[in-house]
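Structure, as structure tokens:
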Amino acid sequence: MKDHLIIFDTTLRDGEQSPGASMTQEEKIRIARQLERMRVDIIEAGFPAASNGDFKAVKAVADTIKDSTVCGLARAIKGDIDRAGEALKNANSARIHTFIATSPVHMEKKLRMSPDQVLEQAVKAVKWAREYTDNVEFSPEDAGRSNIDFLCHILEAVIKAGATTLNIPDTVGYTMPEQFGKLVQTLRERIPNSNKAIFSVHCHNDLGLAVANSLSAVMNGARQIECTVNGLGERAGNASLEEIVMAVRTRQDVFPCETLIDATHIVPASKLVSGITGFPVQPNKAIVGANAFAHEAGIHQDGVLKHRETYEIMRAEDVGWGANKLSLGKHSGRNAFRNRLAELGIELESEEILNATFIRFKELADKKHDIFDEDLHALVSDETMSLQEHYKLLSLTAHSETGETPYAKIVIAEGGKELRAESDGSGPVDATFRAIEKIISSDTELQLYSVNNITSGTDSQGEVTVRLQKSGRIVNGSGSDIDIVTASAKAYLSALNKLHNSKLERAHPQV
Ligand code: KIV
Ligand code: ZN
């Protein structure tokens with residue numbers, strides 16, 4: 001029998017560290033449920049000591065998820081570990097992941113600690129985490145640039161202290177696949193008690209090598225990979241879950257291990273994460289990009305029609321393409337609506353929210369004949385976002401006509417007051433944003449504007465992402481509607497609402 005390759009998903013933690021990718025608690029639960037459905041072994045739900053919001057979100061995920069282990073990140077500090085232990089206390093299966101940097105540059109310049117002090121703190125942290133759970137992971141941050149003798153020394157000590165998983169991070173995405181594989185092999189060979197722990201890897205994608213480095217480590221004995229849906233994560237992101245899972249599955253002739261992932265949930269998970277974070281998936285992205293299974297060249301099309309395996313190494317349906325189920329239609333009632341949401345793992349907080357979402361559904365069904373699962377996710381996102389709205393879109397008129405200057409008139413509610421403005425612009429979206437700015441004067445910089453269709457066809461809802469920057473704080477707002485100018489206004493206001501709400505929450509600390 002082959003070894004089990006543990007899939008540790010960190011979309012909710014490292015993924016959320018992508019600038020602008022912050023998620024609400026409700027969104028995190030929806031993603032966690034999808035990960036559980038996909039049979040991810042471990043879900044890193046967040047960094048409980050980072051903020052009250054993070055603590056609550058990790059706790060909510062731990063309280064909800066039953067089949068996957070839920071993990072909380074903690075610096076090698078007693079206070080952080082206590083917060084993680086507290087957040088995870090109701091989990092069916094809990095893991096604490098504690099870390100401290102071990103590379104010379106991090107120890108000297110960031111921590112201002114000697115290697116001996118780092119080692120002592122790491123050992124204390126692992127022992128403390130063991131007071132909460134016997135499932136403890138330790139990471140020597142920036143292992144890819146750490147001294148091998150020191151790494152062996154500290155890892156041997158943390159295993160003795162009770163660490164059950166040793167995670168080797170290539171924090172800055174610096175290593176090469178062969179070198180990283182060798183690093184894992186050397187550690188396994190040189191650490192006397194290495195057989196008492198599972199080796200894991202956590203690779204960043206700064207040089208586009210995160211997946212290659214992770215797989216090279218697997219060939220050298222690593223049996224856990226830390227990864228994220230769509231490769232989301234700090235800077236250039238983490239190793240992408242879908243690429244890891246499908247590489248291991250497709251090349252069983254090469255890999256000595258297999259995952260337990262149900263790959264048919266991959267594409268829905270990718271769409272869910274992209275919709276919630278507002279990070280579109282590039283069309284040529286492996287596995288989950290819109291073109292991943294599209295054959296353009298005549299020779300290829302001809303080959304695939306004659307015999308699929310000429311140009312296809314995987315089947316689109318095996319990773320969930322085509323699984324976007326026709327969900328509901330205009331005549332579906334409240335019960336059918338509620339049941340489909342439940343099947344999608346969406347539990348709305350109250351009957352009131354369910355009713356409000358059902359009204360939105362009916363409005364959409366009047367305009368759009370077929371409602372797909374993706375539409376329902378977008379509706380729920382819009383409704384739950386509207387609960388935290390400081391600025392609310394009341395009405396919008398946008399006009400564009402050949403040869404005429406486009407203009408927009410908008411009415412927004414702010415704290416019970418109705419505010420109106422109109423503006424022209426180079427297009428209806430530009431005019432709409434200018435009109436909003438006349439009211440709000442947000443002093444923000446627009447960094448990104450993108451439109452995607454949620455499903456296919458010209459009656460599809462458009463999903464717009466707007467990224468705004470203000471004093472170094474970056475937020476993504478998203479909005480969906482059949483009318484893309486309205487979707488754009490919703491997205492712009494959603495970003496402004498996030499900026500408004502973030503004044504109350506402290507920013508994520510650097511990990
Ligand atoms: O990239 C990194 O080193 C991390 C650690 C916390 C594992 O995210
Ligand atoms: Zn990381």
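If you read the sequence from its start, that first residue is 1, and numbering goes on from there. Atoms within each ligand, like the ligands themselves, are counted from 1 in listed order.
- Looking only at side-chain heavy atoms (C-beta outward), L155 and F138 come within less than 4.5 Å of each other.
- The backbone N or O of I43 lies less than 3.5 Å from no partner atom in the side chain of D9, so there is not a single donor-acceptor pair.
- The aromatic rings of Y132 and W128 sit perpendicular to each other, their planes meeting at more than 60°, with 30° as the lower class boundary.
- The shortest N/O to N/O separation between H204 and ligand 1 falls below 3.5 Å.
- Counting only heavy atoms from C-beta outward, the side chains of M107 and P115 approach each other to under 4.5 Å.
- When distances to the Zn ion (ligand 2) are checked against a cut-off of 2.8 Å, E234 contributes no N, O or S atom below that limit.
- Heavy-atom contacts of E141 reach the following atoms of ligand 1: 3 (O) (cutoff under 4.0 Å).
- Between the side chain of N220 and the backbone N or O of S216 there is at least one donor-acceptor pair closer than 3.5 Å.
- Residue N167 places no N or O, backbone or side chain, under 3.5 Å from any N or O of ligand 1.
- Summarising the contacts of atom 7 (C) of ligand 1 with Q17, H97, E234, the nearest heavy atom is found in H97.
- A cation-pi arrangement is absent between R13 and F47 under the rule of less than 6.0 angstrom and at most 45 degrees off the ring axis.
- Contact annotation: for H106 versus ligand 1, there are no heavy atoms closer than 4.0 Å.
- Near P169, with a cut-off below 4.0 Å to any heavy atom, the atoms of ligand 1 are 3 (O).
- The part of D14 lying near ligand 1 is the side chain, judged by heavy-atom distances below 4.0 Å.
- Of all N, O or S atoms in H202, the one lying closest to the Zn ion (ligand 2) is NE2.
- Relative to the ring axis of F279, R467 places its NZ or CZ within 45° and under 6.0 Å from the centre.
- Of the N or O atoms in D142, none lie within a sub-3.5 Å distance of an N or O in ligand 1.
- Within D14, the N/O/S atom positioned nearest the Zn ion (ligand 2) carries the name OD2.
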Apply side chain to side chain donor-acceptor pair (under 3.5 Å) to the pair E234 and H204, showing each step before the final yes or no. CA-CA 8 Å; E234 186 85 47; H204 278 272; over 6 Å; no
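- Of the polar atoms of E226, none of the N or O atoms is found under 3.5 Å from an N or O of ligand 1, judged by distance alone.
- Using cut-offs of 30° and 60° on the angle between ring planes, the pair F433 and Y449 is perpendicular.
- In terms of distance to the Zn ion (ligand 2), the nearest N, O or S atom of H204 is named NE2.
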